[in-house]
Amino acid sequence: MKLFYAPGTCSLGIHVLLEESGLPFERARMSLKEGDQRKPEFQALNPKGKVPTLQRDDGSVLTEWPAIAYWIAARAPQAKLWPEALEDQARALEAMDFIVGTLHGHAFSRLFNQAKYAPSEADHPKVIEQGRAMVAAGFAVVEDGWKGSDWLLPSGYSVADAALFYVAFWAVKRMNMTLSPRLAAHFERMMARPAVQRALAAEGLAG
């Protein structure tokens, strides 16, 4: 398998899951700033032009964060990345959808790409202000709705934790935000996991 990733992007969460899974894989580093995602060779694999993109052993390509996360968990059941009970499975999907779709797709997106929301540069500070407020509100939803103990779900560590980790990583390492108590403790636990440390080191993000 080959993971197409860009250092420090949402593909970091999938990188962590692959490290957790024990499945053999190669890394294909992408530079979004240099436009690697728009090059013909990558467009042939993923016309969406984004990471993470996973090219599997048979050459088929899987895209979208939750789909890739689910497939990795199902492919490596021994890693116990996917809950067993139906309720916990639904909660894992619920958490991933909120984190990837709302926290990332709507909130952090405003912090990374103001021009997408306001063509006029004069309005960009307002977009950033809105994005920060949305991130804070989203994290508050996660904090207040916390049902687990050390991990996001009561059933234990899962794909949902890797999703939460990558947005928390952005908040702490890129935006200098202070996380709420449960999220801060979760982030520290994630940073201590060997799989996370391997992924960070491979992406040049350790330390």
Side-chain angles (χ1 to χ4, degrees), residues 1-21 23 25-75 81 92-119 124 127-128 130-132 134-135 138-139 158-175 190 195-196 198-200 202-205:
M1 289 191 298
K2 184 180 290 187
L3 172 66
F4 291 83
Y5 76 98
T9 65
C10 61
S11 56
L12 174 61
I14 295 299
H15 198 164
V16 167
L17 291 176
L18 281 169
E19 290 287 354
E20 297 277 13
S21 75
L23 299 171
F25 71 101
E26 299 176 3
R27 303 174 184 87
R29 188 185 184 100
M30 306 275 290
S31 174
L32 303 186
K33 288 184 179 180
E34 294 179 7
D36 288 349
Q37 71 277 22
R38 294 187 294 272
K39 293 180 179 179
E41 56 268 30
F42 184 70
Q43 284 283 315
L45 287 175
N46 183 2
K48 298 171 185 175
K50 63 180 185 177
V51 294
T53 295
L54 186 66
Q55 187 174 34
R56 296 176 289 187
D57 293 335
D58 63 359
S60 63
V61 174
L62 193 59
T63 66
E64 302 301 332
W65 206 101
I68 297 172
Y70 172 76
W71 185 86
I72 292 169
R75 184 72 174 75
L81 298 171
L93 289 170
E94 180 183 46
M96 285 194 294
D97 187 61
F98 180 70
I99 292 166
V100 178
T102 300
L103 259 173
H104 173 183
H106 290 289
F108 275 103
S109 180
R110 284 169 165 79
L111 301 181
F112 299 148
N113 188 6
Q114 292 82 53
K116 177 181 177 182
Y117 299 95
H124 288 185
V127 175
I128 293 173
Q130 183 185 51
R132 281 186 169 270
M134 293 173 70
V135 168
F139 279 148
S158 74
V159 293
D161 293 291
L164 180 57
F165 171 70
Y166 86 75
V167 290
F169 184 87
W170 287 347
V172 173
K173 300 296 186 179
R174 296 179 64 174
M175 298 297 169
M190 288 296 295
V196 172
R198 291 194 300 271
L200 290 173
E203 297 195 14
L205 301 171

Any idea which heavy atoms bring Ala202 and Arg27 closest together, and the distance? CB-NE, 3.5 Å
Not counting sequence neighbours, which residues clear side chain to side chain donor-acceptor pair (under 3.5 Å) with Arg132? List them please. none
Applying side chain to side chain contact (heavy atoms under 4.5 Å, CB included), name anything that partners Glu41, two or more places apart in sequence or on another chain. Lys39
Student check: side-chain heavy atoms of Lys2 and Phe25 closer than 4.5 Å: no
Looking only at non-hydrogen atoms, find the nearest pair between Ala73 and Val159 and report the distance. CB-CG1, 4.0 Å
Sort and list the pairs that fulfil salt bridge (Lys or Arg N to Asp or Glu O under 4.0 Å) and have at least one residue in residues 104-114, not counting sequence neighbours. none
Look up atom CE in Met96 and atom CG in Leu164, then write down how far apart they are to the nearest 0.5 Å. 12.5 Å
Once you round to the nearest 0.5 Å, how far does CD1 of Ile72 lie from CG of Leu23? 7.5 Å
Salt bridge (Lys or Arg N to Asp or Glu O under 4.0 Å) pairs touching residues 45-62, sequence neighbours excluded, are Lys48-Glu64, Lys50-Glu64
Taken in chain and number order and not counting sequence neighbours, the residues that satisfy side chain to side chain contact (heavy atoms under 4.5 Å, CB included) with Val172 are Leu179, Phe187
Using a 4.5 Å cut-off on heavy atoms from C-beta on, say whether the side chain of Asp97 contacts that of Leu93. no
Output, in order, the C-alpha distance, side-chain angles, deciding distance and verdict of side chain to side chain contact (heavy atoms under 4.5 Å, CB included) for Val100 and Tyr166. CA-CA 10 Å; Val100 178; Tyr166 86 75; 3.7 Å; yes
Answer whether the closest heavy-atom distance between the side chains of Leu54 and Trp71 falls below 4.5 Å. yes
Polar side-chain atom of Glu26 near backbone of Leu3 as donor-acceptor pair, under 3.5 Å: no
Thr9: which residues meet the side chain to side chain donor-acceptor pair (under 3.5 Å) condition with it, sequence neighbours left out? Ser11
Can you name the ring-ring contact (aromatic ring centres under 6.0 Å, His included) partners of Phe98, sequence neighbours left out? none
Is there a side-chain contact between Gln37 and Val51 in this structure, where contact means two heavy atoms from C-beta onward sitting under 4.5 Å apart? no
Atom pair OG/CG of Ser109 and Leu103 - distance to nearest 0.5 Å: 12.0 Å
Over 12 non-hydrogen atoms of neighbours within 6.0 angstrom of CZ in Arg75: no
So, using side chain to side chain donor-acceptor pair (under 3.5 Å) as the criterion, who are the partners of Gln55 when residues are at least two apart? none
Enumerate the ring-ring contact (aromatic ring centres under 6.0 Å, His included) contacts for residues 32-63, please, sequence neighbours excluded, ordered by first and then second residue. Phe4-Phe42
Note, Leu18 side chain near Met1 side chain (heavy atom, < 4.5 Å): yes
Can you list everything that forms a side chain to side chain contact (heavy atoms under 4.5 Å, CB included) with Ala199? Sequence neighbours excluded, please. Leu12, His15, Val16, Glu19
Any side-chain to backbone donor/acceptor pair from His124 onto Ala118? Under 3.5 Å, distance only. yes
Side chain to side chain donor-acceptor pair (under 3.5 Å) involving Thr53 - partner list, sequence neighbours excluded: Asn46
Criterion side chain to side chain contact (heavy atoms under 4.5 Å, CB included) on His104 and Trp65, from CA distance to verdict: CA-CA 11 Å; His104 173 183; Trp65 206 101; over 6 Å; no
Rounded to the nearest 0.5 Å, how far does CZ of Arg29 lie from OH of Tyr5? 4.5 Å
Any donor-acceptor pair under 3.5 Å from Glu203 side chain to Gly8 backbone: yes
Please check if atom OH in Tyr70 has more than 12 non-hydrogen atoms from other residues, nucleotides or ligands closer than 6.0 Å. no
Side chain to side chain contact (heavy atoms under 4.5 Å, CB included) filter on Phe112, not counting sequence neighbours, yields Phe108, Trp170, Arg174, Met175
